[in-house]
Amino acid sequence: MAKFVQGKKACAVNPLKMSQPIGGALAFMGLRGAMPLLHGSQGCTSFGLVLFVRHFKEAIPLQTTAMSEVATVLGGLDNVEQAVLNIYNRTKPEIIGICSTGVTETKGDDVDGYIKLIRDKYPQLADFPMVYVSTPDFKGAFQDGWEKTVEKMVQVLVKKPEPDATPDPKRVNVLPGSHLSPGDLDELRTILEDFGLEPSFLPDLAGSLDGHIPDDFTPTTIGGISVQEVAAMGQASWTIAIGEQMRAAAEAMQKKTGIPYRLFERLCGLGPNDEFFMFLSEISGREVPRKYRRQRGQLVDAMLDAHFHLGGRKLAIGAEPDLLYDVASMLHEMGTHITTAVTTTQSPVFEKLPAEEVLLGDLEDLETLAKERGCDLLLTHSHGRQAAERLNIPFHRIGIPMFDRIGAGHRMIAGYRGTRELIFTLANLCIADHEANHEVTPDTWKNPWDGDGHGHSHAPAATPTHGSAVSTAHH
Amino acid sequence: MSSVSATIQEVFNEPGCAKNQNKSEAEKKKGCTKQLQPGGAAGGCAFDGAKIALQPLTDVAHLVHGPIACEGNSWDNRGAKSSGSQIWRTGFTTDINETDVVFGGEKRLFKSIKEIIEKYNPPAVFVYQTCVPAMIGDDIDAVCKAAKEKFGTPVIPVNSPGFVGPKNLGNKLAGEAILQHVIGTEEPEYTTPYDINIIGEYNLSGELWQVKPLLDELGIRILACISGDGRYKDVAASHRAKAAMMVCSKAMINVARKMEERYDIPFFEGSFYGIQDSSDSLREIARMLIERGADPELMDRTEAIIEREEARAWAAIAKYKPRFKDKKVLLITGGVKSWSVVAALQEAGLELVGTSVKKSTKEDKERIKELMGQDAHMIDDMTPREMYKMLKDAKADIMLSGGRSQFIALKAAMPWLDINQERHHAYMGYVGMVKLVEEIDKALYNPIWEQVRKPAPWDNPANNWQNRAIAEMEAEAAALAADPVAAEKARRSKKICNCKSVDLGTIEDAIAAHGLTTVEGVRTHTNASGGCGACSVRIEEIFEARGLVPAEEPELDPIAAEAKRRAKKVCNCKSVDVGAIEDAIHAGASNLADVKAQTKASSGCGGCAERIEEMLDAAASTSVPATLVAAE
């Protein structure tokens with residue numbers, strides 16, 4: 001439904017987008033005992049590291065091949081070899097996940113070839129799990145890096161089941177998109193287990209970056225799905241993919257193992273969850289547990305309470321495709337208008353987005369359009385804070401990075417409960433904004449026909465329509 | 001790229017850099033090209049360093065020419081503050097794509113500059129080069145030049161692509177860029193005899209504003225701060241200052257030294273961290289200004305303010321001293337100079353149980369030793385587990401460090417305070433010191449620690465991870481104690497040179513086998529200290545431990561020996577040798593000020609003042625009898 005529009009500027013101002021390699025690195029962080037390795041200059045890693053530390057407030061395992069100017073020109077075999085050896089010897093990882101960067105892609109390093117040479121040279125590495133993904137910085141965005149990496153993990157790490165093996169009806173593979181937080185994954189795991197299912201999440205950030213106190217110091221990831229468990233995913237009877245970005249990985253799984261998949265483009269909102277719970281009921285052969293029937297009722301009530309505040313709001317949203325689609329669609333269902341949508345990369349989900357257009361752009365575009373179109377609710381990552389301040393409209397942080405608030409890892413959007421929490425948060429934000437900036441005074445309607453009419457663009461929140469309706473009431 | 005390599009060489013030859021001074025000629029040629037270890041490196045790159053150094057210039061548009069990673073992953077991540085323009089916090093990047101990589105990104109860069117000038121009209125645009133456009137050969141100097149001519153706005157190329165080296169190098173390359181393209185290009189509206197530059201201060205958390213009111217009160221004007229809360233025009237006209245203070249020497253020494261060389265602006269290295277340091281710095285500023293023509297009464301007013309501020313700060317801190325009794329601090333820091341923090345904490349009555357020297361120069365280490373006593377526990381590279389053990393063994397009550405090691409303290413349920421760049425509080429000057437003490441107190445006495453340290457009721461406390469870690473380490477230590485062979489092996493396997501991965505055993509063997517007596521000898525035989533050279537101090541310590549003093553060259557004839565003795569550098573900043581200072585003393589210089597006036601020695605960083613005092617003492621003691629005779 002929404003038209004996809006490419007920005008025409010040469011210069012990105014206040015980037016919304018982050019690069020592919022760190023999206024890939026984050027996917028690797030959902031594996032247990034993993035050490036993600038960026039093949040590039042040390043800054044490529046350092047920026048990603050700092051970004052994740054600030055977002056998750058956790059120690060982040062991320063290494064670099066530390067390409068120097070000379071190594072970049074001559075090729076990075078030595079650096080990849082040394083990095084792999086050093087990591088292997090020092091941190092004793094269970095897997096090393098390698099992502100390329102702009103520098104090494106510009107040169108054209110054949111990392112798959114390097115890995116083969118390294119395996120041949122060092123017998124101890126012959127069968128050591130290593131996965132390489134090509135993720136040039138100058139192409140795609142964060143979500144694409146995640147997408148490619150999960151697809152590659154499925155191709156490399158999942159074992160083809162024996163021809164006569166029967167799938168385990170309880171076992172389910174879950175392939176979550178990068179728009180879900182560790183908190184969302186925890187919620188989904190509980191839900192699946194309550195249906196008597198045994199889920200394997202790939203990747204599983206809930207094990208590694210959910211901000212728990214670890215059992216020991218370890219330089220690699222402190223949790224997540226193990227390489228063995230990934231290998232055994234071929235025994236499951238279903239694959240659930242969440243977010244359009246996971247379609248490629250789900251198809252790779254099907255191709256390799258024959259396991260059918262079901263893709264849920266959204267898990268935020270009432271309807272999508274009804275579908276999700278009914279699907280689980282179907283594949284598990286169990287009724288939806290009481291707990292969730294109750295949660296559904298709570299969500300409905302929350303939606304009723306909140307629609308006074310969210311209805312009629314004009315949303316400006318800047319996010320990666322799947323997150324944008326999920327959250328904006330839910331708000332659309334609450335009566336909010338998706339007035340401005342800016343994203344980082346192309347995706348087929350936009351065909352279904354109930355908005356006029358989606359712009360491939362930056363936060364300057366988001367800010368400019370939000371201002372032009374009179375948006376009064378801003379959703380994007382933490383870098384939107386400056387725009388929100390200048391626009392003086394309520395601002396809620398979604399996506400990565402969220403560095404100026406804590407608890408990023410536990411913010412939920414999925415499930416009946418996650419949706420309910422998000423709705424409450426956004427509605428309360430709008431109420432607070434009203435109190436702070438749009439409280440009526442004796443002067444509010446003094447010159448109701450002048451210009452923008454003293455706060456009329458933010459008429460009392462309980463009134464679903466703006467402007468004239470309020471003014472007429474006073475005449 | 002040849003101009004970049006030329007600039008890098010020049011930066012490496014920086015005579016004001018103490019670290020470079022400790023290096024041999026061959027090492028200097030190699031510069032700071034510390035070979036990064038793939039799979040074992042974690043620092044920022046040269047681009048990061050350049051951006052950090054210049055980004056606090058608040059009214060400048062900082063445009064990053066490269067793929068999205070360089071700006072998209074890192075923008076608006078610094079805690080510097082601005083009193084005016086916010087454009088410095090706007091992230092600008094050319095976000096180059098595949099087509100640009102194939103056909104070149106120069107057109108996109110030019111267009112980007114045009115768009116920025118049209119939309120934001122900043123007084124200047126800084127263009128940062130990154131790895132990918134450097135590889136494909138985008139000539140940003142040419143684009144900047146063309147854009148400047150076309151649009152009439154200064155467009156400054158900052159050539160510091162990430163892969164040329166580490167963050168520290170980027171700081172200096174940034175300095176070179178403003179020296180070459182900015183400083184001296186405009187004139188100030190007016191000048192006063194009270195104009196100073198502050199170099200290497202970034203106004204993190206607004207800390208400069210903790211000191212500026214004092215300077216305002218004294219009538220001292222910060223003509224330009226490079227770069228915290230700086231304005232383009234101020235930096236462009238900063239060559240008219242009368243004196244300069246250099247705050248973080250490693251970052252911007254080249255700027256301070258070259259401004260002295262080109263514009264005759266003397267500088268000193270000072271710090272506003274800690275009470276004593278703040279007072280010293282204020283005095284030094286006043287002294288230098290008076291020397292350059294300001295009214296000498298400035299010193300009286302300065303002393304009055306120092307007395308008043310010190311009294312206020314001490315009174316505020318005194319309240320905490322009883323609460324800090326017997327409290328121990330583990331200090332792990334790179335960014336803020338260790339010694340200035342050490343002094344500050346001791347002023348508050350805290351006991352220091354260790355400090356990191358990872359980024360400190362030899363001279364810094366000497367200062368730390370001086371402040372903390374010879375047996376200071378200096379931690380070169382503690383492992384997280386060792387850091388935890390140190391905290392746990394009640395050797396430390398609180399850890400002060402940068403953001404990266406915080407999780408060790410926090411997961412170990414130990415108080416922790418951020419004192420590096422990312423910190424939220426400002427700790428400069430007299431008020432800042434009180435603030436630091438206040439924050440330490442808040443962290444130490446927060447009731448949360450008591451609660452989070454309680455094990456869960458169903459937990460077996462003997463088997464939690466903290467106790468297991470300690471037990472493992474103790475078991476390892478016990479195993480070593482029981483097995484002298486293994487213990488010796490462990491001792492010998494300690495890494496001395498991280499760059500070239502050389503352990504203690506290898507060096508000891510080389511010393512024994514070849515009868516080595518110099519660091520150079522060790523380098524020839526083992527390659528140790530052939531990288532960054534930072535371990536030469538540790539190698540000297542090995543000689544000391546073996547009762548060997550690193551030997552000079554074999555005996556020379558007496559004349560040559562005397563010439564060699566006199567040619568020894570005392571002051572690295574101003575390049576003054578023993579002979580010149582001795583001559584000055586012979587010619588009548590009787591105190592440090594005289595020597596300084598006659599030879600310029602110790603008017604740079606001031607690190608050699610002590611050496612000169614010793615030389616004066618030695619000269620005085622030999623001449624004492626003569627004076628006594630004359631008096632009789």
Side-chain angles (χ1 to χ4, degrees), chain A residues 9-15 17-19 21-22 37 40-51 53-54 58-59 63-69 71-73 78-80 82-87 90 101-103 106-107 136-139 141 213-217 219 363-364 383 386 403, chain B residues 33 35-48 63 66-77 86 89-98 100-101 108 111-116 119 131-132 135-136 161-166 384-385 388 403-404 407-408 411 465 468-469:
Chain A
K9 299 188 297 189
C11 178
V13 181
N14 294 339
K17 183 168 70 171
M18 296 174 305
S19 69
I22 63 168
L37 172 66
S41 99
Q42 63 170 341
C44 305
T45 293
S46 168
F47 287 142
L49 186 76
V50 171
L51 183 100
V53 166
R54 295 179 82 206
E58 292 299 318
Q63 261 302 340
T64 172
T65 56
M67 295 292 283
S68 66
E69 201 174 356
T72 304
V73 175
D78 285 354
N79 286 57
V80 173
Q82 276 187 59
V84 167
L85 278 183
N86 276 329
I87 293 169
R90 276 195 204 166
T101 62
V103 182
T106 305
K107 159 69 175 57
D137 290 303
F138 42 75
K139 209 181 156 184
I213 301 292
D215 287 339
D216 200 355
F217 286 119
L363 293 177
E364 184 194 50
H383 283 301
Q386 294 185 48
F403 50 76
Chain B
T33 43
Q35 285 312 306
L36 294 161
Q37 203 176 15
C45 59
F47 155 68
D48 192 10
L63 169 62
I68 193 68
C70 307
E71 180 72 350
N73 294 353
S74 73
W75 67 283
D76 192 18
N77 66 353
Q86 293 293 335
R89 284 181 66 200
T90 306
F92 296 105
T93 176
T94 51
D95 183 12
I96 59 168
N97 58 32
E98 268 178 311
D100 299 315
V101 174
R108 180 184 284 272
K111 244 182 106 185
S112 297
I113 297 169
K114 179 168 176 264
E115 287 173 7
I116 290 172
K119 276 190 282 194
C131 301
V132 172
M135 284 173 76
I136 61 175
F163 55 27
V164 300
R385 213 163 60 154
Y388 170 66
R404 282 195 181 161
F407 304 110
I408 292 152
K411 302 274 179 201
W465 69 269
R468 279 206 309 276

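All chains are named by letter (A, B, ...) in the order of the sequence lines, taking the proteins before the strands, and each is independently numbered beginning at 1. These values consider heavy atoms only, across backbone and side chains, with no hydrogens, waters or symmetry-generated copies.
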Derivation and outcome, side chain to side chain contact (heavy atoms under 4.5 Å, CB included), residues E364(A) and K9(A): CA-CA 11 Å; E364(A) 184 194 50; K9(A) 299 188 297 189; 2.5 Å; yes
Please evaluate residues F138(A) and D100(B) with respect to the criterion side chain to side chain contact (heavy atoms under 4.5 Å, CB included), reporting the C-alpha separation (whole Å), side-chain torsions for both, the decisive distance (0.1 Å), and the verdict. CA-CA 9 Å; F138(A) 42 75; D100(B) 299 315; over 6 Å; no
With chain A as the partner, which of V101(B), D76(B), V132(B) has the greatest number of non-hydrogen pairs under 4.5 Å? D76(B)
I need the Q63(A) CD to L49(A) CG distance, nearest 0.5 Å. 9.0 Å
The interface call for K114(B) against chain A, heavy-atom contacts under 4.5 Å, is neither
Is K139(A) in contact with chain B via its backbone, its side chain, both, or neither, using a 4.5 Å heavy-atom distance? side chain
Is F92(B) close to I116(B) at the side-chain level, that is, under 4.5 Å between some pair of heavy atoms? yes
Does the side chain of R108(B) come within less than 4.5 Å of N97(B)'s, by heavy atoms? yes
Side chains of V103(A) and F163(B) in contact at under 4.5 Å (non-hydrogen atoms): yes
L85(A) portion near chain B, given a 4.5 angstrom heavy-atom threshold: neither
Between P136(A), A12(A), S41(A), which shows the greatest number of heavy-atom pairs under 4.5 Å with chain B? A12(A)
Among G43(A), A83(A), P21(A), the residue with the most heavy-atom pairs under 4.5 Å to chain B is A83(A)
Option that, when pairs with chain A are counted at under 4.5 Å, heavy atom only, ranks first among N73(B), I96(B), L63(B), D48(B): N73(B)
Under a 4.5 Å heavy-atom cutoff, which of K111(B), K119(B), R89(B) has the most pairs with chain A? R89(B)
Step by step, would you call C131(B) with T72(A) a side chain to side chain contact (heavy atoms under 4.5 Å, CB included)? CA-CA 9 Å; C131(B) 301; T72(A) 304; over 6 Å; no
Under the side chain to side chain contact (heavy atoms under 4.5 Å, CB included) criterion, do I22(A) and F47(A) qualify, and how do the steps go? CA-CA 9 Å; I22(A) 63 168; F47(A) 287 142; over 6 Å; no
Relative to each other, are the rings of W75(B) and H383(A) parallel, tilted or perpendicular (30° and 60° limits)? parallel
If you count heavy-atom pairs under 4.5 Å between each of G102(A), A71(A), A10(A) and chain B, which one has the most? A10(A)
Using a cut-off of under 4.5 Å for heavy-atom pairs, which of G66(B), C45(B), G162(B) has the most such pairs with chain A? C45(B)
Measuring heavy-atom distances to chain A, does E115(B) have an atom under 4.5 Å in its side chain, in its backbone, in both, or in neither? side chain
May I ask you to name which of D137(A), I87(A), L51(A) has the most heavy-atom pairs under 4.5 Å with chain B? D137(A)
Under 4.5 Å from a heavy atom of chain A, the part of D95(B) involved: side chain
